[in-house]
*Asks:* 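Encoded as structure tokens, here's the structure I'll be asking about.
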Amino acid sequence: MADSPPAVVTHNPELQHHFTTLEQQTEAAVMGMWVFLITEIMFFGGMFAGYMIYRFMYYQAWLEGSQHMDFWYGSINTVVLLCSSLTMALAVRSTQLGLRRSSVVLLLITILFGLAFLGIKGVEYYGHIVDEHQFPGPSFRFAGAYTAQVEMFFSFYFAMTGFHALHMVIGVGLVSFVAYHAWKGRYHAHYYTPVENVGLYWHFVDIVWIYLYPLFYLISHIHK
Amino acid sequence: MATTAVALSERENYLNKEYGITSWLFTTDHKRIALLYLITITFFFFIGGFFALLIRLELLTPEGDLLLADTYNKMFTMHGQVMVFFFLIPAVPAVLGNFLIPIMIGAKDLAFPRVNLLSWYLLAIGGCLMIYTILSGGVDTGWTFYTPLSTHFLDTHVITAALAIFVAGFSSILTGLNFIVTIHRMRAPGMTWSRLPLFVWANYATSIIQVLGTPVLAISLMLVALERIFNLGIFNPQLGGDPLLFQHLFWFYSHPAVYIMILPGMGVVSEIVTCFSRKRIFGYKFMALAVIAIAVLGFLVWAHHMFVAGISLYAAMVFSLLSYFVAVPSAIKVFNWTATMFKGSISYSTPMLYAFGFIGLFTMGGLTGLFVAALGIDVHVTDTYFVIAHFHYIMVGGMVMAYLGGMHFWWPKISGRMYPEFWGRLAAMIIFIGFNLTFFPQFVLGWLGMPRRYWQYSPEFQVLNVLSTAGATILAVGYLLPMLYFLWSMRYGKAAPENPWNGAGLEWKISSPPVTDNFDETPLVTWEAYNYDELPQEVPVGR
Ligand SMILES: [Cu+2]
């Protein structure tokens with residue numbers, strides 16, 4: 001493969017000089033993102049493992065705690081995130097096709113969905129913390145049975161959804177970053193890896209929510 | 001040796017291409033980043049070593065006379081945290097791996113040079129947090145941060161220490177990620193998986209552990225910090241939380257982390273043993289598969305740290321058995337190094353002396369690992385000096401030996417200068433003697449029942465403790481020597497030729513020190529790894 005002339009490709013201004021071809025660069029970048037997402041699975045995995053263990057240990061308390069989740073906030077947020085995943089996927093597709101305008105618009109809509117999610121989550125947190133005094137610690141108040149274990153249920157609720165929300169904040173920042181560069185016309189049909197990678201990250205954060213949603217909002221409703 | 005005639009300053013290379021502090025702090029050259037790491041971890045090695053010396057001085061006498069009990073707790077805590085997270089884990093991968101992996105596979109750089117620089121900054125930021133922790137009064141949780149001690153009973157700087165290790169952990173994750181992608185995607189034409197040097201295989205296996213394990217440590221430490229800040233109850237028994245859950249999460253990372261601290265060393269030793277035996281490594285495929293097997297099995301044995309913590313007997317039996325399985329690939333490594341040396345023409349250069357040291361001490365550490373993996377014996381020796389001696393034989397006797405061996409082996413390539421061979425051999429001998437004098441008595445002490453983490457002990461243990469402290473002093477001299485003569489050689493050492501050891505790897509086919517892009521043109525690999533039968537039989541040892 002030394003003397004065939006792929007040299008045309010190598011003159012692409014987006015090609016960093018330590019790669020031989022743009023294809024190699026893209027493959028490396030996408031693989032890097034996948035490996036990063038695996039580390040994220042392990043990161044959340046620790047908390048999911050804890051949740052499962054205590055769910056088995058303190059089943060009644062978990063049931064009790066689940067009654068205090070707001071089904072509608074959770075469900076609306078799920079719909080919002082699923083829509084954002086759709087617009088993100090369409091944005092990646094538009095960038096691949098070189099449709100600059102629509103990719104910028106779609107990325108901006110994705111940002112709006114992300115902010116909407118965070119806003120709804122904020123209202124929900126406000127209710128839990130300020131109105132219901134459900135944040136673990138000295139201010140925790142709970143009238144029903146299994147107070148201590150319900151407090152732990154809320155430890156998991158705040159830790160897991162909190163880390164998820166943090167990832168959403170980072171995600172909104174990343175989407176804004178690629179939206180800006182898309183608007184500047186940096187991406188085109190032969191170079192769109194950053195958009196693709198941010199898309200992968202965004203979908204991953206959505207999928208985490210897809211697991212959080214049933215674990216906190218749905219299971220209790222089945223048992224009611 | 002014709003190249004020695006060319007004055008160093010006349011050749012452009014990665015060291016003299018640019019000068020000035022910014023050309024280092026903003027570099028994306030993997031070789032320069034490796035040197036940034038080298039400086040950082042050497043600094044932390046001597047800080048950790050300083051704590052170790054204070055520990056040994058306190059233990060010179062049975063009474064607690066040098067340090068207060070609380071201060072002593074801080075000393076062994078910070079000794080462990082600094083040495084594990086700021087020296088041993090980055091040592092071989094971030095310094096030697098960073099420098100060598102792109103060169104060994106025929107690439108210009110790692111796949112993500114800027115991420116590589118970011119990794120170093122993360123380690124530096126974590127390091128600053130650790131220094132802040134030390135200067136502001138320290139932390140005394142033990143390096144393991146066991147709950148509920150760390151979450152509810154101490155008012156030392158647990159949060160900053162946890163944060164320091166959290167940040168340094170992401171440095172380790174990103175290094176592993178970078179290596180995995182680089183090894184998959186950046187290999188030169190002809191550099192197939194079965195032609196990769198075993199050093200690359202070893203770092204690949206290490207990277208898998210870094211990527212899969214470290215995030216679990218990160219979340220465990222994060223939960224400890226959150227539990228302290230917000231009074232969450234996840235590990236708090238008062239709320240029904242289970243402190244053992246922390247131990248499970250912690251060891252899920254920290255047992256595999258032992259392999260982060262040994263596998264790269266095995267890679268170094270494989271390179272040295274073949275080169276100084278002038279033979280192809282015995283059983284290449286088994287050697288490559290063995291490191292992967294160790295990495296995978298390493299994730300299935302964590303609860304052997306918890307045999308006395310109250311886990312179920314059946315779980316303990318399973319974890320004990322699985323721990324024994326790790327011995328199989330480890331033994332394959334040792335047998336194959338020995339078989340490589342068999343009937344080879346061995347030369348006793350400094351790197352080879354370290355490799356001998358590694359093989360012997362790692363074998364000792366590994367075999368005593370079988371003692372502590374046995375349920376009955378573990379109950380007897382848990383939290384005694386037997387365990388201390390066991391893991392120091394692996395980490396110091398194994399990894400530090402391999403790291404120093406690798407530093408000597410590749411120093412001509414890194415610096416473009418030869419180190420003084422006589423002093424090199426002398427230091428290797430001093431370290432070997434000092435190490436054994438320090439830690440062998442601790443096996444006996446532990447077996448006799450001396451517990452770890454106490455600043456006082458019964459008078460009958462004093463003789464062995466004095467021996468151990470004497471050994472530590474010798475060891476300290478041994479560690480200072482290489483630092484001094486490496487620094488000396490940068491100015492006064494002989495200029496190194498391209499290939500001072502007649503080595504077979506790609507790194508020996510480029511100039512010493514390499515140019516910024518490593519290769520003038522992308523190499524085409526047509527030979528098998530370790531083709532020492534096609535190379536000269538002697539090693540032109542620089543003197
Ligand atoms: Cu272990």
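What you are looking at is a predicted structure, and each value in this text was computed from that prediction instead of being measured. Order of the sequence lines sets the chain letters (A, B, ...), proteins ahead of strands, with each chain counted from 1.
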*Asks:* Tell me whether A:His190 at atom NE2 has more than 12 heavy atoms from other residues, nucleotides or ligands lying less than 6.0 Å away.
*Replies:* no
*Asks:* Less than 4.5 Å to any heavy atom of chain B: does that hold for the side chain of A:Tyr146, its backbone, both, or neither?
*Replies:* neither
*Asks:* Say whether A:His203 and A:Ser85, considering side chains only, have a donor N or O and an acceptor N or O under 3.5 Å apart.
*Replies:* yes
*Asks:* Could you tell me which portion of B:Leu524 (side chain, backbone, both or neither) has an atom closer than 4.5 angstrom to a non-hydrogen atom of chain A?
*Replies:* neither
*Asks:* Does any heavy atom of chain A fall under 4.5 Å from the side chain of B:Gln238, the backbone, both, or neither of them?
*Replies:* backbone
*Asks:* Specify which of A:Gln24, A:Gln16, A:Gln149 makes the most heavy-atom pairs with chain B at under 4.5 Å.
*Replies:* A:Gln24
*Asks:* Given ring pair (Phe, Tyr, Trp, His ring centres under 6.0 Å), test B:Trp193 with B:Tyr204 step by step and report yes or no.
*Replies:* CA-CA 11 Å; B:Trp193 285 91; B:Tyr204 183 77; 5.4 Å; yes
*Asks:* Is it the side chain or the backbone of B:Leu249 that comes within 4.5 Å of chain A heavy atoms, both, or neither?
*Replies:* side chain
*Asks:* With a 4.5 angstrom heavy-atom cut-off, could you sort out which part of A:Tyr58 is near chain B: side chain, backbone, both or neither?
*Replies:* side chain
*Asks:* Against chain A, work out which of B:Gly240, B:Gly176, B:Gly233 has the most heavy-atom pairs shorter than 4.5 Å and name it.
*Replies:* B:Gly240
*Asks:* So, B:His30 versus B:Asn116: side-chain donor-acceptor pair below 3.5 Å or not?
*Replies:* no
*Asks:* So what's closer than 4.5 Å to chain A heavy atoms on B:His248: side chain, backbone, both or neither?
*Replies:* neither
*Asks:* Please look at A:Phe163 and chain B and tell me whether the side chain, the backbone, both or neither of the residue comes under 4.5 angstrom of a heavy atom of that chain.
*Replies:* side chain
*Asks:* Among the options B:Ile234, B:Ile180, B:Val216, pick out the one with the most heavy-atom pairs lying under 4.5 Å from chain A.
*Replies:* B:Ile234
*Asks:* Could you look at B:Ala107 and say if it's the side chain, the backbone, both or neither that has a heavy atom under 4.5 Å from chain A?
*Replies:* neither
*Asks:* So, B:Asp517 side chain and B:Lys108 main chain: donor-acceptor pair closer than 3.5 Å or not?
*Replies:* no
*Asks:* For chain A, which of B:Leu226, B:Leu212, B:Thr214, B:Asp109 has the most heavy-atom pairs under 4.5 Å?
*Replies:* B:Leu212
*Asks:* Name the region of A:Glu27, side chain, backbone, both or neither, that has any atom closer than 4.5 Å to a heavy atom of chain B.
*Replies:* both
